[in-house]
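Each remark here refers to the structure printed beneath this line.
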Amino acid sequence: MATKKTEVSKTETSKAQQLRDKLFSKKKHAGLRMTDKQIKEAFDYSAKYMEFLGNAKIERDAAEYTIAAAEKKGYVPFEKGMKLKAGDKVYLCNRGKAVIFALIGKKGVKDGVRISAAHIDSPRLDLKQNPVFENEEMAYFKTHYYGGIKKYQWPTVSLALHGVIIKADGTSVRVTIGEDENDPVFCVTDLLPHLAQDQMKRSPAEIVRGEELNILIGSMPFKDDEASERVKLAVLSLLYDKYGITEDDFISAELDAVPAGKPRDIGFDRSMIGGYGHDDKVCAYTAFSALMDIKKTPERTAVVILTDKEETGSDGNTGLKSAYFRYFIDDLAECFGEQGRTVMSRSECLSADVNAGFDPTFPDVLEKRNAAFLNYGVCVTKFTGARGKSGTSDASAEFVGTVRRLLDKNEVVWQTGELGKVDLGGGGTVAAYIANLDVDTIDVGVPVLCMHAPFEIVAKTDVYMTYKAFLVFMGQ
Ligand code: MN
Ligand code: MN
């Protein structure tokens, strides 16, 4: 009797197990799903991404880097009215800070285009237009931070300076200083803990105030007993010798202080990458390199947008709220005798931006069942927005279904995740601005730890799977 009972329960367990296998969602670490060969491919691919990341600190760097790489692959500047045929490769650079690349497909633009969009600006400290000052024989730059940062994270980090200066005569000087190991770097100072009692009583947002984010740039005086502000004078004299600029030239400059140095492998197993600007260079690079790696001319035209100003709300003529992307599609459509709006309505877009990765040290802010985890693949996010999905574009179930089938069919490891618990906050991406043009749009991206910090972390398998997702989306 007892034996028989055990048998029944065994059968029941296995039936439950069968049902469980059939019905339950099966999430698995990419390290357990990928073969050793695939993992090696992911690590090798990540090395190329790290090379890009170390050289593309600001949007101008990323635009120059990608354009140079694309030109080597045969991409030429797009011109209104040009004759285009399948296999042609064009790009449009918007003011040196945003770029659109297009690979013309066999069907031209008749069935719409496949768009992959990411942003190439990242949070940082921008110099004010009148930045140089001296205080107690120390010289500084005043800054206005760019994007959403925790201000207290930015002091005591070695900083490099990237950007451009337009001189009084109209000539421009490109600046990159602090990246070569022989270059000097710069730094925002902080108080020693011994004397920080009052500072530590400030609210976290005020531990370091915006006007305290001053960058130390010199401490040696110009040798002249009569002169005032001798340290500032000595610094400006060095800048004049090196770049031929005067104090007023900063007014027509864009100079950005960003963490200096190259990205690094993280962990004994080297499975992660630490570096500045993963948000959103990691999606920019994966989208861009996927386009570059498409071997066979795709059916539909593939378009990659690398945009600027996402971190400040996408406004301005290089942000995706501007008409530059729509104008490009209008002009591209015209080359094929089509209307831009018809092309838009038939198009599909992966709007790629990083997502918050689950951080076991701070588990409370994410809802685990709907959070993105490192090493669980590219994250597909149906909707963004905050508090009642405010500001979301919310991809339709039908389009999510299309993307899901595409990724599964091509064995791309992917997951779904939402940015944070419902009432805690959230964030937006450029998805809404593209969806507003009547394009089927969904958010995808790489989970990140320490997002918007001077040193952000991603996992190599996720980077690689994001690249694969773009490749199958645009390359088919
Ligand atoms: Mn972003
Ligand atoms: Mn961001």
Side-chain angles (χ1 to χ4, degrees), residues 49 52-53 56-59 61-63 66 97-99 115-126 145-151 153-154 256 258-259 263 273-288 304-316 318-321 325 349-357 359 365-366 371-372 374 378-381 383-386 391-393 417-420 424-435 441-459 462-463 466-467 469-470:
Y49 164 56
F52 166 78
L53 186 64
K57 298 283 180 88
I58 64 166
E59 60 280 357
D61 302 335
T66 51
K97 300 197 273 186
V99 203
I115 305 158
S116 301
H119 67 93
I120 48 177
D121 59 321
S122 303
R124 63 189 184 224
L125 306 178
D126 283 357
Y145 62 93
Y146 175 98
I149 61 168
K150 289 160 116 178
K151 295 190 282 285
Q153 290 179 331
W154 290 73
D256 314 328
V258 296
I273 306 165
Y276 163 73
H278 285 311
D279 177 8
D280 189 33
K281 313 298 191 324
V282 68
C283 297
Y285 184 75
T286 44
F288 172 75
V304 167
I305 311 170
L306 304 182
T307 195
D308 180 32
K309 291 288 174 287
E310 195 278 340
E311 294 296 356
T312 52
S314 294
D315 292 298
T318 54
L320 258 191
K321 275 187 197 165
F325 171 60
C349 173
L350 297 185
S351 168
D353 207 341
V354 295
N355 208 318
D359 185 342
V365 299
L366 293 169
L374 260 64
V378 56
C379 180
V380 176
T381 302
F383 59 87
T384 54
T392 188
S393 79
E418 155 173 21
L419 200 150
L424 270 187
T429 66
V430 298
Y433 316 124
I434 298 172
T441 307
I442 189 165
D443 274 288
V444 301
V446 178
V448 176
L449 302 183
C450 328
M451 196 194 292
H452 285 202
F455 194 71
E456 303 175 311
I457 299 168
V458 297
D462 298 331
V463 176
T466 305
Y467 160 77
F470 286 126

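As a basis for the values below, the full set of heavy atoms in this structure was taken, side chains included, without hydrogen atoms, waters or symmetry mates. We count ligands from 1, going down the list as the structure has it; atoms in each ligand are counted the same way.
Remark: T392 engages no residue in a side-chain hydrogen bond (donor to acceptor under 3.5 Å, both in side chains) (not counting sequence neighbours). In terms of the salt bridge (Lys or Arg N to Asp or Glu O under 4.0 Å) criterion, K309 has no residue partners (sequence neighbours excluded).
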Report the C-alpha distance between T466 and V282 in whole Å, list the side-chain angles of each, state the deciding distance to 0.1 Å, and finish with yes or no for side-chain contact (heavy atoms from CB on, under 4.5 Å). CA-CA 9 Å; T466 305; V282 68; over 6 Å; no

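For the Mn ion (ligand 1), the count of nearby protein N/O/S atoms, taking only those under 2.8 Å, is 4.
In this structure, I115 CD1 and I305 CD1 are separated by 5.5 Å, a value rounded to the nearest 0.5 Å.
At a threshold of 4.5 Å between non-hydrogen side-chain atoms, the residues C450 and F455 do not count as touching.
Under the side-chain hydrogen bond (donor to acceptor under 3.5 Å, both in side chains) criterion, the residue pairs touching residues 425-434 are T429-D443, with sequence neighbours excluded.
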